[in-house]
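Input: a single structure, listed below in structure tokens.
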Number of protein chains: 2
Amino acid sequence: MDYSNLLKSAKLKATIQRVTLLEIIDHDGHSSIDDIYTVTKESMPTLSLATIYKNILLLLEKGILEEVAISGKKSKYEIKKSDHIHLICQTCGSVEDKHLDKKIEESIDIYIDEDSFHISKSHINLYGICKKCNEQETLIYF
Amino acid sequence: MDYSNLLKSAKLKATIQRVTLLEIIDHDGHSSIDDIYTVTKESMPTLSLATIYKNILLLLEKGILEEVAISGKKSKYEIKKSDHIHLICQTCGSVEDKHLDKKIEESIDIYIDEDSFHISKSHINLYGICKKCNEQETLIYF
DNA sequence: CTGACTGCAAACGTTTTGCACGGTA
DNA sequence: TACCGTGCAAAACGTTTGCAGTCAG
């Protein structure tokens with residue numbers, strides 16, 4: 001993805017800070033403010049928290065980023081794409097994307113009466129234990 | 001619901017503050033910290049924010065309350081019940097519960113492989129515009 | 001070259017903590 | 001009565017803001 005043009009198309013200047021921020025989020029998939037700050041500390045030690053906050057807010061307003069609100073944890077941010085499912089591991093905190101199956105979408109649409117509630121976006125977050133953590137948990141007993 | 005016994009069964013003392021807190025959340029359906037503080041200011045002016053925070057945390061740990069993390073807004077808290085859908089109005093901020101239809105649950109279960117991710121709870125949040133706000137928006141044009 | 005953006009530091013709001021007092025069991 | 005829980009004030013934390021200097025277009 002060309003982050004520079006993505007920013008310019010939103011009438012924002014393509015600064016190194018912004019491109020770096022988008023690179024990190026896109027690479028990680030889902031990043032919290034702290035995640036971003038920790039990573040940038042290495043490659044760009046001068047980048048300030050204030051700049052991260054300002055840009056996250058700006059990119060949310062422009063619809064380039066989307067906030068993933070997570071129960072019991074800090075929010076994470078992702079590049080905005082079509083609605084999808086989040087598998088959130090309660091052990092390691094990882095977030096995995098899962099394509100939103102048409103059948104699920106349909107069954108929700110049929111169930112929610114469009115006259116009484118007009119849906120603009122669906123956030124489906126499934127909390128549980130991911131494969132990796134589940135295997136590690138099992139190992140303890142051996 | 002008998003909040004006093006609910007608390008006692010969790011080995012917590014049934015103080016007036018805790019019972020009041022549960023009453024408010026149960027009555028409103030979904031309350032933020034501020035919501036609770038504002039309401040209690042009238043009936044119980046001495047109740048402190050610190051007490052609200054301490055108890056929310058405690059009741060979450062005990063599994064009596066559940067956090068509803070909302071994108072772009074402060075979290076709300078609800079009495080823990082079986083998984084259900086939240087219809088979140090982006091205009092007025094109201095949250096409405098909707099029973100989680102078996103068909104939706106099934107289509108998710110079939111879609112997510114239990115071997116690779118073990119689901120413990122589903123948070124389905126649908127963001128949009130509620131009936132009331134939608135009607136009011138239409139009225140502007142007359 | 002100019003307006004937009006960054007980075008610092010200070011301000012602000014929210015949440016947590018420690019401790020003396022008060023209330024429940 | 002014993003101990004858990006409350007309320008106050010202070011501390012800690014996360015986020016926002018103002019401003020001078022810097023950079024992208």
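Below, read A as the first sequence line, B as the second, and so on, with proteins coming before strands; counting in each chain starts at 1. From a predicted model like this one, the values you see are computed outputs, not experimental measurements.
Contacts of residues 37-48 of chain B with DNA chain C (heavy atom under 4.0 Å): none. Contacts between residues 7-15 of chain B and DNA chain C, defined by a heavy-atom separation below 4.0 Å, involve B:Lys8, B:Lys13, B:Ala14, listed by number.
OP1 or OP2 of D:dC23 has not a single side-chain nitrogen or oxygen of A:Gln17 nearer than 4.0 Å. For the OP1/OP2 pair of D:dA24 and a distance below 4.0 Å, the side-chain nitrogens and oxygens of A:Arg18 include no atom meeting the criterion.
Using a 4.5 Å cut-off between side-chain heavy atoms of Ile, Leu, Val, Met, Phe, Trp and Tyr, A:Ile112 falls into a hydrophobic cluster with A:Ile85, A:Leu87, A:Leu100, A:Ile104, A:Ile108, A:Tyr111, A:Phe117, A:Ile119, A:Ile124, A:Leu126, B:Ile85, B:Leu87, B:Leu100, B:Ile104, B:Ile108, B:Tyr111, B:Ile112, B:Phe117, B:Ile119, B:Ile124, B:Leu126. Listed by chain and number, the hydrophobic cluster partners of B:Ile70 are B:Val68, B:Ile88, B:Val95, B:Tyr127, where partners are ILVMFWY side chains within reach of under 4.5 Å, directly or through others.
Residues satisfying the side-chain contact (heavy atoms from CB on, under 4.5 Å) test with B:Lys131, not counting sequence neighbours, are A:Ser116, B:Glu135. For B:Asp109, there are no salt bridge (Lys or Arg N to Asp or Glu O under 4.0 Å) partners two or more places apart in sequence or in a different chain. With sequence neighbours left out, A:Lys74 forms a salt bridge (Lys or Arg N to Asp or Glu O under 4.0 Å) with A:Asp34. B:Glu66 meets the salt bridge (Lys or Arg N to Asp or Glu O under 4.0 Å) test with B:Lys80, B:Lys121; sequence neighbours excluded. Taking B:Asp35 as the reference, B:Ser31, B:Ser32, B:Lys76 meet the side-chain contact (heavy atoms from CB on, under 4.5 Å) condition, with sequence neighbours excluded.
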Starting at the 5' end of nucleotides 12-20 of chain D, put B wherever the base has a protein heavy atom under 4.0 Å, S where only the sugar-phosphate does, and a dash everywhere else.
-> --SSBBB--
Review item, side-chain donor-acceptor pairs of residues 6-16 of chain A, under 3.5 Å, at least two apart:
| residue | atom | partner | partner atom | Å |
| --- | --- | --- | --- | --- |
| A:Ser9 | OG | A:Asn5 | O | 3.3 |
| A:Ser9 | OG | A:Leu6 | O | 2.7 |
| A:Thr15 | OG1 | A:Arg18 | N | 3.3 |

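The distance between atom CG of B:Asn55 and atom C1' of D:dC4, rounded to the nearest whole Å, is 11 Å. Rounded to whole Å, the distance from CD1 on A:Ile52 to C1' on C:dG7 is 12 Å. Between the CG atom of A:Leu21 and the P atom of C:dG7 there is a distance of 11 Å, rounded to whole Å.
Within the 4.5 Å cutoff, no side-chain heavy atoms of B:Ile64 are placed close to those of B:Leu58.
Proximity of the aromatic rings of B:His86 and B:His30 is defined here by a centroid distance below 6.0 angstrom, and this criterion is met.
Every pair tested for salt bridge (charged side-chain N to carboxylate O under 4.0 Å, His left out) that includes a residue from residues 44-62 of chain B fails, sequence neighbours excluded, so the list is empty.
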